[in-house]
Every structure is written in structure tokens, then in C-alpha cells.
Amino acid sequence: MTPDTVEVAFITPRHLAGGGDPAWITVPLHRACGWTYDDDPLMPRVVLTSPDKTAVLRLEPHTDGQWWVLHHFAHGGRPAWYASFGARTPVEIIAGFVDALTDPAAPRTGPSDPFEPLRQQSWEPAPGSVGLVSPDGTTRMERLVDEADPGAWFVTTTLGPEHLVWQARFGENTPPHLVEAFATALTEPRPVWRTNGALGLPTLDPKFINRGVEDVLAANVAGALAGRVESLSSRHDAPPVRPNPPEPPAPRASRRR
């Protein structure tokens, strides 16, 4: 590593990469999608409201709860719904959901199957539930159907029965195409990158993760978020075509660990 480079870890599978930088979500929502923020410098939280006032996203540290909570209010004859994500839910996976929510393209009218992206990546049926489990056995996506909460979705990542890593929850009225977008981001095979070493990783066990360490130009690391904002902003300036997600910063030199 030189003064011009930053040590970056590229992690697969992405569901075990740790939470990442919350700015990957909050900055594009504000700068590219027009969400306004309610900021109190004395409180460790962020509150963002959509331009049409129908949705509020709160990022608030909770020792035992979900750090990210999005409430979408009843609007235009559609019922209210919510989504929430634990602290260690990778921001790249949350971004799949949020980017679909803020896509200015016409709403999807065809059927959506949130399980389909998982099937395409060889996820297997989860024993004892309506759901699928990842090939490494650490992540399960389930649809819970009961009288109390029919149709709610849960995505849970664990390392053994006593170690919950993160959980995502989607209320029964969450639009299926948004849950499908989350599932697509969840199963994306490309690695995600982290610059805080091993501190944010739930495990270093090579049985579960592959961690490649590379020296990346500092300018590329610093520019990744700006590139994401520009990509999402372009959706409003051109015909509504879903952009490809920004590529990870290009490595300068490689040192595998």
C-alpha cells in the first residue's frame, strides 16, 4: 500500500460482508432521489422522507432491533407496508430494494416471484417452511403465512443456531417486485468491498467467506459513491432504463489473503 492507495477487502458471499457504509443508501436517496432529511446533530439517527411524503426511512442504532426501518403509508388505494433491515445487512443488498423503490420507471404490472432469483442461484427448499436456503446454509428466505401476518417475508442470515448475523423483514403488503429486487441483490455473485479490514465482518472462517485483499487507488474508492449517485440521478434525466450497478473500484495491486 502507498499514500495513493487504500487496502480494500473484496468479500464473497456478500450476505456475510457486514453492513458497510450507510452513506451508500442515504446519500443517493437525498442527492439523486430528492428525499429530504430531518437531522438532529445530538441524536445518532437519520430520517429521510420521500418527495411525495408517502415513505419514511429511519436509520437508528438499536442494540437488539432493526437499524433500518422503512414505512410506506397507504396511498392511492394501496395499503401501508413496511420493510426493515438489521445492522449487518450489507448496504449493497439494501440498495437493491431501495433502488427499485425509487425507480422512476412505470410501476411493474406483471407478476413477481421473489423466490426466482434464489432458484437461479441454486438455493434449495428450506425444510419445514415456505422458503429457500442458500447453498452455504447460512441464509434463508421465507414467506410466513398465518392468520396474524399473512404473506410477510423474512430473510435471515445466521452462523449456527446461536449466532444471528442479520435479518430483513417485509410486511405482508410490500410490493412483490421490491422483495424480488432485494433477492436479486442478495444473490448477486460479484463481491462487495470493504475498507475497514476485518472489523465489520461477522466471520473470517474460510469455510464461509472468501476475502481477497487488494490495494486500490484511493481516488477510485472515494469516487465509488459519487458514481453511484450519478448513475441513479441519470434515471431522471433519460428514458427510464434501469442502470447497471456501479462496478467495484479497480485494483492497483493484488495481495490475496
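Note that this is a predicted model, so its numbers are computed, not measured. If you read the sequence from its start, that first residue is 1, and numbering goes on from there.
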- request: Evaluate the side chain to side chain contact (heavy atoms under 4.5 Å, CB included) criterion for residues Thr187 and Gln120: first the C-alpha distance (whole Å), next the side-chain angles of each, then the deciding distance (0.1 Å), finally the verdict.
  value: CA-CA 9 Å; Thr187 55; Gln120 293 179 6; over 6 Å; no
Side chain to side chain contact (heavy atoms under 4.5 Å, CB included) evaluation trace for Val155 with Phe170: CA-CA 9 Å; Val155 183; Phe170 304 97; 4.2 Å; yes
- request: Carefully, step by step, assess Trp81 and Leu70 under the rule side chain to side chain contact (heavy atoms under 4.5 Å, CB included).
  value: CA-CA 9 Å; Trp81 54 268; Leu70 187 144; 3.7 Å; yes
message: Let's go through Phe97 and Thr89 carefully: what are the C-alpha distance in whole Å and the side-chain angles of both, what is the deciding distance for side chain to side chain contact (heavy atoms under 4.5 Å, CB included) to 0.1 Å, and is it a yes or a no?
response: CA-CA 12 Å; Phe97 180 88; Thr89 311; over 6 Å; no
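Put simply, Val27 and Ile94 are part of the same group of oily side chains (I, L, V, M, F, W, Y) that touch within less than 4.5 Å, one to the next. Cluster annotation: Val130 and Met141 are assigned to the same hydrophobic cluster (Ile/Leu/Val/Met/Phe/Trp/Tyr, side-chain heavy-atom contacts under 4.5 Å, transitive). When the side chains of ILVMFWY residues are joined at heavy-atom separations under 4.5 Å, either directly or via intervening members, Leu59 and Val69 end up in two distinct hydrophobic clusters. A continuous path of ILVMFWY side-chain contacts below 4.5 Å connects Ile25 to Leu225, so both sit in one hydrophobic cluster. Follow the hydrophobic side-chain contacts under 4.5 Å out from Val179 and you never reach Val133; the two are in separate clusters.
For the pair Val98/Trp68, no side-chain contact is recorded, criterion being any heavy-atom separation below 4.5 Å from C-beta on. In this structure the side chain of Glu180 reaches within 4.5 angstrom of the side chain of Pro117, judged on heavy atoms. At a threshold of 4.5 Å between non-hydrogen side-chain atoms, the residues Phe73 and Asp52 do not count as touching. At least one side-chain heavy atom of Arg140 sits under 4.5 Å from a side-chain heavy atom of Ser129. Using a 4.5 Å heavy-atom threshold, the side chains of Val6 and Trp193 count as separate. With contacts defined as side-chain heavy-atom distances shorter than 4.5 Å, the pair Glu214/Val8 does not qualify. Counting heavy atoms from C-beta on, the side chains of Asp136 and Leu16 come closer than 4.5 Å. Inter-residue side-chain proximity for Arg169 and Leu144 is flagged as unmet; no heavy-atom pair is nearer than 4.5 Å.
Counting all heavy atoms, side chain and backbone alike, Ala181 lies closest to Ala100 at CB-CB, 3.6 Å. Closest heavy-atom contact between Pro202 and Ala17: CD-C, 4.4 Å. The heavy-atom pair separating Ala168 from Phe85 by the smallest distance is CB-CD2, 3.6 Å. The minimum heavy-atom distance between Leu232 and Ala32, with the atom names listed, is CB-CB, 3.8 Å. Nearest heavy atom pair, residue Ser112 against residue Pro114, reads O-CD, 3.6 Å. Scanning all heavy atoms of the two residues, the minimum distance from Arg211 to Ala198 falls at NH2-N, 4.0 Å.
Gln66 and Ser84 share a donor-acceptor pair across their side chains, judged by distance under 3.5 Å alone. Arg235 and Thr102 share a donor-acceptor pair across their side chains, judged by distance under 3.5 Å alone. Side-chain atoms of Thr157 and Thr138 include no donor-acceptor pair closer than 3.5 Å.
Taken from NE2 in His15 to CD in Glu188, the straight-line distance is 13.5 Å, to the nearest 0.5 Å. Atom-to-atom distance recorded for Leu57:CG and Leu48:CG is 6.0 Å, nearest 0.5 angstrom. Within the model, atoms OH of Tyr82 and NE2 of His72 stand 15.5 Å from one another, a figure rounded to the nearest 0.5 Å. In this structure, OG1 on Thr156 lies 6.0 Å from CD on Glu142, to the nearest 0.5 angstrom. Distance check, rounded to the nearest 0.5 Å: CG of Asp103 to CG of Leu178 gives 10.0 Å. To the nearest 0.5 Å, the span separating CZ on Arg31 from OG1 on Thr26 amounts to 9.0 Å.
The aromatic rings of Trp166 and Phe182 stand perpendicular to each other, their planes meeting at an angle above 60°, with 30° marking the opposite boundary. Ring planes of Tyr37 and His30: perpendicular class, angle over 60° (limits at 30 and 60°).
Ser134 places a side-chain N or O within donor-acceptor distance of the main-chain N or O of Thr139, the cut-off being under 3.5 Å.
Under the side chain to side chain contact (heavy atoms under 4.5 Å, CB included) criterion, Thr49 pairs with Thr36, Lys53, Val56, sequence neighbours left out. For Arg119, the side chain to side chain donor-acceptor pair (under 3.5 Å) criterion is met by Asp113, Glu116, not counting sequence neighbours. Residues meeting the side chain to side chain donor-acceptor pair (under 3.5 Å) test with Glu60, sequence neighbours left out: Arg58. Glu92 meets the side chain to side chain contact (heavy atoms under 4.5 Å, CB included) test with Arg14, Trp24, Pro90, Val192, Arg194; sequence neighbours excluded. By the side chain to side chain contact (heavy atoms under 4.5 Å, CB included) test, Thr203 is found to be paired with Leu159, Asp205, Phe208, Ile209, residues two or more places apart in sequence or in another chain being considered.
Residue Glu230 places its CD atom among 12 or fewer non-hydrogen atoms of other residues, nucleotides or ligands, all under 6.0 Å distant. By the neighbour-count criterion of 12 heavy atoms within 6.0 Å, atom NE2 of His75 is sparsely surrounded, having that number or fewer from other residues, nucleotides or ligands.
Residue pairs meeting the salt bridge (Lys or Arg N to Asp or Glu O under 4.0 Å) criterion with at least one member in residues 65-75, sequence neighbours excluded, do not occur.
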